2 protein chains.
Amino acid sequence: MAQAAPDATLRRFSGYGMKRAFNGIQADLSATLQPFGLRMVTFSALVVIHDNPGLRQTRLAGVLAIERPNLVAILEDLERADLIARTRAETDRRAYELSVTAKGRTLCQQAMAAVVDHDRRMTRGLSADESATLQKLLRRIEGNGRTPHDRRKISRA
Amino acid sequence: MAQAAPDATLRRFSGYGMKRAFNGIQADLSATLQPFGLRMVTFSALVVIHDNPGLRQTRLAGVLAIERPNLVAILEDLERADLIARTRAETDRRAYELSVTAKGRTLCQQAMAAVVDHDRRMTRGLSADESATLQKLLRRIEGNGRTPHDRRKISRA
DNA sequence: CATTATTCGTTATTGGACATAACTATTTAT
DNA sequence: ATAAATAGTTATGTCCAATAACGAATAATG
């Protein structure tokens with residue numbers, strides 16, 4: 001097996017290249033979010049709640065492909081930091097409606113700006129066309145992959 | 001914020017799309033490798049050792065961007081399953097030289113065939129050109145990302 | 001040659017993300 | 001009225017990744 005790189009066989013797989021790329025992204029994103037007291041999953045949740053006030057937890061879980069039990073700690077972290085509020089839905093006493101606080105809105109927007117920079121760093125050297133191509137290809141792969149068990153028919157928020 | 005999808009803001013980031021794509025890949029890969037008693041990191045290590053007999057641990061860590069302490073359990077799993085062997089290097093009594101056993105070779109090749117199928121499933125709907133483009137773009141992003149602390153000058157195996 | 005610095009593999013620990021089963025309370029379906 | 005489904009929660013476990021520190025061996029230095 002005389003190959004140029006020791007991991008040449010693995011390099012043939014899209015999954016391996018993606019893992020390698022994503023590892024770098026994740027480390028940079030983590031460092032980017034750390035000053036805001038956020039991490040990848042709490043940032044994602046905060047942004048979606050920010051954009052969709054009144055969202056319910058089960059819908060949030062579906063949108064982010066996060067298992068509902070795992071959402072509990074995420075939301076607790078955000079609530080404890082006074083970034084979101086949870087109010088019982090009037091039409092269903094089992095459900096909460098999620099919204100950002102004023103503090104959460106501000107932090108969300110600040111973190112967003114930092115993440116825009118992070119993304120620019122990560123995609124340095126890619127043209128706008130290439131970035132769009134990448135997104136398109138990733139979306140196709142995402143559609144091919146296994147979906148979370150919880151990905152059932154999601155009710156409107 | 002009237003947007004088409006609840007996570008539309010996040011969809012602007014390459015990292016988010018990659019995470020979503022990679023999550024699906026990882027789940028499928030995990031299921032694919034499970035019948036072989038392997039998981040992502042043990043499979044990767046087995047393949048690289050298979051392709052590079054006599055490889056040393058520190059080099060393997062560098063090749064796979066895995067922290068050296070984390071390699072210990074991975075290699076123990078492979079050794080316990082009789083898939084690899086570790087022999088003390090003659091030229092350096094601190095180091096091990098890694099190689100696959102006959103059993104490891106067989107299993108490696110069987111798992112490889114399954115992973116080829118997995119990759120084909122994951123990239124269904126992508127042309128050969130598109131797959132090559134994806135790999136190229138991922139490599140560029142990988143180069144932009146943060147590298148592991150341990151990524152210092154790697155000695156030859 | 002002796003001393004210091006570096007390297008190899010290891011132990012220990014912790015954090016982050018993700019998966020599953022089971023549960024109570026509430027709502028929906030029959 | 002009863003059974004089934006749903007929303008959120010608790011508990012637990014797996015996988016992968018990061019860091020500090022260590023003893024033994026090797027390399028570098030004077």
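Proteins come first, then strands; the chains are lettered A, B, ... in the order of their sequence lines, and each starts at number 1. These numbers were taken from a predicted model, which means no experiment stands behind them.
Taking atom CZ of B:R56 as the reference point, atom P of D:dT26 lies 10 Å away to the nearest angstrom. Distance CD (A:E67) to P (D:dA7): 14 Å, rounded to an integer number of Å. One can place CZ of B:R20 at 13 Å from C1' of C:dC18, the figure rounded to the nearest angstrom. As rounded to whole Å, 17 Å separates atom P of C:dG16 from atom CG of A:L71. The distance from atom CZ of A:R94 to atom P of C:dT28 is 6 Å, rounded to the nearest whole Å. Rounded to whole Å, the distance from OH on B:Y16 to P on C:dA17 is 14 Å. At whole-Å resolution of the value, CG in B:L55 and C1' in C:dG9 are 14 Å apart. As rounded to whole Å, 14 Å separates atom P of D:dG8 from atom CD1 of A:I66.
Residues from residues 110-118 of chain B placing a heavy atom under 4.0 Å of any atom in DNA chain C do not occur. Sorted by residue number, the members of residues 28-49 of chain A with any non-hydrogen atom under 4.0 Å from DNA chain C read A:R39, A:M40, A:V41.
Salt bridge status for A:R20 with A:D7: present, with a side-chain N to carboxylate O gap under 4.0 Å. With respect to the salt-bridge test (charged N to carboxylate O, under 4.0 angstrom), the residues B:E79 and B:R86 qualify. Here B:E142 pairs with A:R11 in a salt bridge; the nearest charged N to carboxylate O distance falls below 4.0 Å.
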Discussion item. Between A:D117 and A:R121, does the side chain to side chain contact (heavy atoms under 4.5 Å, CB included) criterion hold? Intermediate values first, please.
Written reply: CA-CA 6 Å; A:D117 285 347; A:R121 288 197 298 278; 4.0 Å; yes

Discussion item. I'd like to know whether A:T9 forms a side chain to side chain donor-acceptor pair (under 3.5 Å) with B:D51, so could you lay out the CA-CA distance, the side-chain angles of the two residues, the decisive distance to 0.1 Å, and finally the verdict.
Written reply: CA-CA 8 Å; A:T9 297; B:D51 289 354; 2.5 Å; yes

All N/O pairs under 3.5 Å across the protein-nucleotides 10-12 of chain D interface:
none

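Residue B:Q57 places at least one side-chain N or O under 4.0 Å from the OP1 or OP2 atom of C:dT10. Taking 4.0 angstrom as the limit, B:R59 places none of its side-chain polar atoms (N or O) nearer than this to OP1 or OP2 of C:dG9. A sub-4.0 Å separation between OP1 or OP2 of C:dC18 and a side-chain N or O of B:N23 is present. In terms of phosphate contacts, A:R93 brings no side-chain nitrogen or oxygen within less than 4.0 Å of OP1 or OP2 of D:dA7. An OP1 or OP2 oxygen of C:dG16 is reached within less than 4.0 angstrom by no side-chain nitrogen or oxygen of B:K19. Between A:T58 and the phosphate of D:dT6, there is no side-chain N or O to OP1/OP2 separation shorter than 4.0 Å.
In this model, no donor atom of one side chain and acceptor atom of the other lie less than 3.5 Å apart for A:Y16 and B:D119. Checked by atom type, the side-chain pair A:T123/B:R140 shows no donor-acceptor distance below 3.5 Å. Counted by atom type alone, B:T42 and B:D77 present zero donor-acceptor pairs between their side chains at under 3.5 Å. Side-chain atoms of B:Y96 and B:R88 form a donor-acceptor pair, as typed in the model, at a separation below 3.5 Å.
If B:E90 and A:A27 are placed on DNA chain D by their nearest nucleotide, the residue sitting closer to the 5' end is A:A27. The residue among B:Y96 and A:Q26 whose nearest nucleotide of DNA chain C is located toward the 5' end is B:Y96.
With hydrogens and angles ignored, the 3.5 Å screen pairs a side-chain donor or acceptor of B:T133 with a backbone N or O of B:D129. Judged purely by atom type and a 3.5 angstrom limit, A:N52 uses its side chain to pair as donor or acceptor with the backbone of A:V48.
Put simply, CG on A:L64 and NZ on B:K19 are 7.5 Å apart, with the number rounded to the nearest 0.5 Å.
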